[in-house]
Student: 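I have a structure I would like to understand better, so I am pasting it below and will then ask my questions one at a time.
First the proteins, then the strands, lettered A, B, ... as listed; each starts at 1. If you're wondering where the values come from, they're calculated on a predicted model, not measured in any experiment. Quick note: numbers below take in every heavy atom, side chains included, and nothing from hydrogens, waters or symmetry partners.
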There are 2 protein chains.
Amino acid sequence: MDNNLLDVKAKFIRGFSDKTRLQILHSIQDKELTVSQIVEELKGNQSNISQHLACLKGCGIIVGRQEGKYMYYSLRNKQIKQLLIMMDVVFNQVEEEVAACDKNDQLDCCRREA
Amino acid sequence: MDNNLLDVKAKFIRGFSDKTRLQILHSIQDKELTVSQIVEELKGNQSNISQHLACLKGCGIIVGRQEGKYMYYSLRNKQIKQLLIMMDVVFNQVEEEVAACDKNDQLDCCRREA
DNA sequence: ATAACATATTAGCGTTTGCTGATATGTGTG
DNA sequence: CACACATATCAGCAAACGCTAATATGTTAT
C-alpha cells in the first residue's frame, strides 16, 4: 500500500480510538443527533464534543447536516456502523480470551499507567 | 458500557491506529514472523519495532511464541484478521466516497498538519 | 439591528505518544 | 566460561493529543 495512504488509514482508525469519540459514535449509531443533544447525552463539554465531532468528520467517520440553527451528525454510512459492531465483537472476544486463558497476558496497551 | 471498559476498548483500537503497527500487522497477517524478520521486512529500527510489538501484544491484538532464541509473533486469532480486513474495506470505501462526492469534505483527521 | 441560542474555533496547558540510541536480558554455541 | 545473536527495556526528546476557558461565527426570532 502506498506509504501516505497508510498514514491516512492510521488516522482514520485513530478516529475510533478515543473514549469520548466511542461514546459519541455509540450515541449516534442509530439516529442523527444534534451537537447539544450529544453534549447532553454524554454530559460533556460543548467545546470538547465539538472538537471530537470535527475529528470524526475529518476522519470520514461521520457526516454533518445543517438544519436551521442545528447541526445533525450521523454515521457516514452503514459500513461504519458494521465496523463499529465488529470492533465491539472482536474486542469482547479478545477480552474474554485474555481474561480466561492468559492470566499473564493482560490487556494493557502501550504505556498505560497503573 | 462500563466506563473503564470503554477506556480499555479505546486502547484496544488505538493499537491499530499507527502506521508502523499497521505495517507490522500486515506483515504477519497470514504467517508468524520473527522480530528480526519484521524489522527486515519494514526496514525499521529494532527498538522501535519491539516497542510496537509490545504495544500490539498489550492490546491483545497479537501473541508471541518463543522458540529458541527467536520470538514469533502472529495475530491473536482469526477474528483480528477479519477485523483488519473489514477496516481495510470500510476505509477504502470511505476514501472513494470522499474523493468522489464531497470535494470539500476531505479526509484529514483531527489536527493533521499540512 | 439586537438578542438569544447553537456550534465552531482558538490559545494555552499538561499528558501521552513514537522515535532514537544506549543498555539490559535472554538464549544457544564454541 | 565467554561470545554472538535476538529481543526487550530504559532515558530523553520532540511532536501530537485531549482538555478547558474564552471567543468567534452563524442562525433565528423580536
Student: Please report, rounded to the nearest Å, how far the P atom of D:dT7 is from the NZ atom of B:K57.
Tutor: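 Value for this atom pair: 13 Å.
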Student: Within the pair B:R14 and D:dC17, is there a side-chain N or O less than 4.0 Å away from OP1 or OP2?
Tutor: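 The answer is no; no side-chain N or O of B:R14 sits under 4.0 Å from OP1 or OP2.
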Student: From CG of A:L56 over to C1' of D:dG18, roughly how many Å is that when rounded to an integer?
Tutor: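 Atom-to-atom, A:L56 to D:dG18, this comes out as 13 Å.
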Student: Which atom pairs, donor and acceptor, lie under 3.5 Å between side-chain atoms of residues 66-73 of chain A and protein residues at least two apart or in another chain?
Tutor:
residue : atom : partner : partner atom : Å
A:Q66   : NE2  : A:G68   : O            : 3.3
A:E67   : OE1  : A:R65   : NH1          : 2.6
A:E67   : OE1  : A:R65   : NH2          : 3.2

Student: Search all heavy atoms of A:H52 against all heavy atoms of A:D18 and return the closest pair with its distance.
Tutor: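 Nearest pair, atom of A:H52 first, then A:D18: CE1-OD2, 3.4 Å.
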Student: For B:K43 and C:dC19, what is the distance between atoms NZ and P respectively, to the nearest whole Å?
Tutor: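 Result: 17 Å.
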Student: How far apart are the C-alpha atoms of B:K81 and B:D30, what are their side-chain angles, what is the distance that settles it, and do they pass the salt bridge (charged side-chain N to carboxylate O under 4.0 Å, His left out) test?
Tutor: CA-CA 8 Å; B:K81 176 172 174 180; B:D30 295 301; 2.5 Å; yes
Student: Just call it for B:Y73: base, sugar-phosphate, or nothing, with non-hydrogen atoms closer than 4.0 Å on any strand.
Tutor: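 Sugar-phosphate, backbone atoms only, no base.
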Student: Tell me if a side-chain donor or acceptor on A:S50 pairs with a main-chain N or O of A:S47 at a distance below 3.5 Å.
Tutor: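 Flag not set: sc A:S50 to bb A:S47 has no pair under 3.5 Å.
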Student: For the helix from C:dA1-D:dT30 to C:dG30-D:dC1, what angle separates the axis at the start from the axis at the finish, each from five pairs, in steps of 10°?
Tutor: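 Axis-to-axis angle, ends of the helix: 20°.
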Student: Does a donor on one side chain and an acceptor on the other come within less than 3.5 Å for A:S36 and A:E40?
Tutor: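 Not at all, the side chains of A:S36 and A:E40 share no donor-acceptor pair under 3.5 Å.
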Student: B:S50 side chain: which of C:dT7, C:dT17, D:dT7 is closest?
Tutor: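 Closest nucleotide to the B:S50 side chain: D:dT7.
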Student: Donor-acceptor pair, distance only, cut-off 3.5 Å: does the side chain of A:R21 make one with the backbone of A:F16?
Tutor: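 No, because the side chain of A:R21 does not come within donor-acceptor range (under 3.5 Å) of the backbone of A:F16.
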Student: Examine distances only and state if a side-chain atom of B:N4 and a backbone atom of B:D7 form a donor-acceptor pair shorter than 3.5 Å.
Tutor: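 No: the side chain of B:N4 does not pair with the backbone of B:D7.
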Student: Looking only at heavy atoms, what is the nearest atom pair of B:Q23 and A:L6, with distance?
Tutor: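 B:Q23 and A:L6 have their closest heavy atoms at CG-CD2, 3.2 Å.
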Student: Can you tell me the distance, in whole Å, between the CG atom of B:D7 and the C1' atom of D:dC17?
Tutor: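 Answer to the nearest Å: 15 Å.
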Student: Can you give me the N/O atom pairs linking the protein to nucleotides 21-28 of chain D at distances under 3.5 Å, or say none if there are none?
Tutor:
residue : atom : partner : partner atom : Å
D:dA21  : N6   : A:S47   : OG           : 2.6

Student: To the nearest Å, how far apart are B:R65 CZ and C:dT27 P?
Tutor: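 My rounded result for the distance is 15 Å.
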Student: Would you indicate what B:S36 reaches in the nucleic acid, counting non-hydrogen atoms under 4.0 angstrom: base, sugar-phosphate, or nothing?
Tutor: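 Sugar-phosphate: the residue B:S36, judged by heavy atoms under 4.0 Å, touches backbone atoms but no base.
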Student: So which atom in B:C59 and which in B:K11 form the shortest heavy-atom distance, rounded to 0.1 Å?
Tutor: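 Of all heavy-atom pairs spanning B:C59 and B:K11, the closest is SG-O, 3.5 Å.
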Student: Quickly work out the B:H52 NE2 to C:dT17 P distance and round it to whole Å.
Tutor: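 That distance rounds to 12 Å.
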Student: What integer distance in Å separates A:L42:CG from D:dG18:P?
Tutor: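 Whole-Å distance recorded here is 15 Å.
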Student: What is the distance, rounded to the nearest whole Å, between atom CD1 of A:I49 and atom C1' of C:dT9?
Tutor: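 Answer to the nearest Å: 16 Å.
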